[in-house]
Amino acid sequence: MIPGPVEISPGVRAALDAAPPGHLAPALIEAFGHALSRMREVWMAGPDARPLVVAGGGTLAMELAVANLTEPGDRAVVINTGYFSDRIAEMLRRSGAVVHEVRAPIGEAPAPEAVEHALEASARGGAVKLLAATHVDTSTGVRVDPAPLAALARERGVLSVFDGVCATAGEAFDMDRLAADVYLTASQKAIGLPAGLALLVASARAVEARRRRRAPPPPLYLDWEAWLPVMEGYEARRPGYFSTPPTSMILALAAGLDEIVQRGIAARVADHRRVAQALRAAWQTMGLAPIPRTAQLSANTLSAIRFPDGVDASLLARVLDRGVVLAGGLHPEIRSRYFRVGHMGYVVTRPDLLERTITALGAGLGDVGHPVDTAQALAAADALLGAA
Ligand SMILES: *Cc1c(COP(=O)(O)O)cnc(C)c1O
């Protein structure tokens, strides 16, 4: 129950059981092409957007966006909601961008007006190239609303990049309607696969910005121009080669995205929302306080919860004694004062695993001298889980 790598479905596991295909095997060509088209559906991207699948993780997906879209001296605005926003700001600086960060107190997100002011302030030094935001920051459990951010960027001709690593397929994001330019994720989070894939969809505007680049090209492995012809080929069921794709993971990706599309992306997001509400109700009856300040700011995909007074991270070992793995803190300023529970991907279809998590946490709290009414917490969650 950590915020990635997550539990995987039996269907995804079965796909991984196949003997590893070659990159020119008919089954791989079909799965790769199918997965790329399915990404368009899950991302809700238009026909001229371009999906990319590269072996790696979320950090690579972030780097793929930053390295292609920033040239030295470009101006960038980062909506900073925690650890992973710090990371993309650092990447932008390393690519030579002049970075303007908009922050909010831990547990909150900057207001759109503050973002507008930052865009205006940054623009006084020259045209702003890029706006970056973390859809769900995994270090705080805070979700930003992408709609006003994407709109502010579009109005000003600024490219918008959203880190969806802890969000994609668990939070609503209609890439086409938002007119967002990059929405990126990794396989081991809300998409519901093992770790190993960087997944990204770029708008036609973003692809064009890379084409018109005047600075030297990005490192070859990061260069969209190297990858996009291969992706276009596979989507048309024509295999190509730039660097060997992780073929077993691509079989798993095709199976996992099929499960999401078969459920329906809106229903899948609603499943995550309902589970998050149910678990928050459980935490609340246990007297536990979340890091995000409001329900609106609280992610569907994970809970970030303060330790009660007198309780520390030894709680997690007591929960582990019951067979449930939770995660410690990540945000450097509050790391030892809170813990995290991931609830994304396959587990949202398994009320038994969610109930077991509540039971294990209740027992663990009792062990560390903070007894709670676990039965009441389960009842609070079940009342919402039963509403499926
Ligand atoms: C996990 C995560 C990342 C980093 O992904 P890795 O696969 O660990 O490199 C980036 N952004 C967010 C929001 C994440 O949750």
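All residue numbers refer to positions in the sequence shown, counting from 1. These numbers come from a predicted model, not from an experiment. Order of listing sets the numbers, starting from 1, for every ligand and every atom in it.
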### Query
Under the criterion ring-ring contact (aromatic ring centres under 6.0 Å, His included), which of Y241, Y234, F32 is the partner of H23?
Y241

### Task
Flag the pair F84 / V165 as yes when at least one side-chain heavy-atom distance between them is below 4.5 Å, and no otherwise.
no

### Query
What about the rings of F307 and Y338, do their centers lie closer together than 6.0 Å?
no

### Query
At a 4.0 Å cut-off, with the gap strictly under it, does some heavy atom of L60 reach an atom of ligand 1?
no

### Task
Check whether any heavy atom of H135 sits under 4.0 Å from an atom of ligand 1.
no

### Task
Give yes or no for whether the N/O distance cutoff of 3.5 Å, strictly under, is met between Q188 and ligand 1.
yes

#### Entry: Check: K189 N/O within less than 3.5 Å of ligand 1 N/O
yes

### Ring-face cation contact, Y346 with K189, 6.0 Å cut, 45° max
no

#### Entry: Numbering as shown, the atoms of ligand 1 that approach V136 to under 4.0 Å (heavy-atom distance)
13 (C)

### Query
Are W227 and F242 close enough that their ring centers fall under 6.0 Å?
yes

### Message
Under 4.0 Å between a side-chain nitrogen and a carboxylate oxygen: does that hold for E208 and R212?
### Response
yes

### Message
Give the atom numbers and elements of ligand 1 that come within less than 4.0 Å of a heavy atom of T138.
### Response
12 (C), 13 (C), 14 (C), 15 (O)

### Query
With a cut-off of 4.0 Å, which atoms of ligand 1 are near a heavy atom of T134?
13 (C)

### Message
Tell me whether D163 has any N or O atom under 3.5 angstrom from an N or O of ligand 1.
### Response
yes

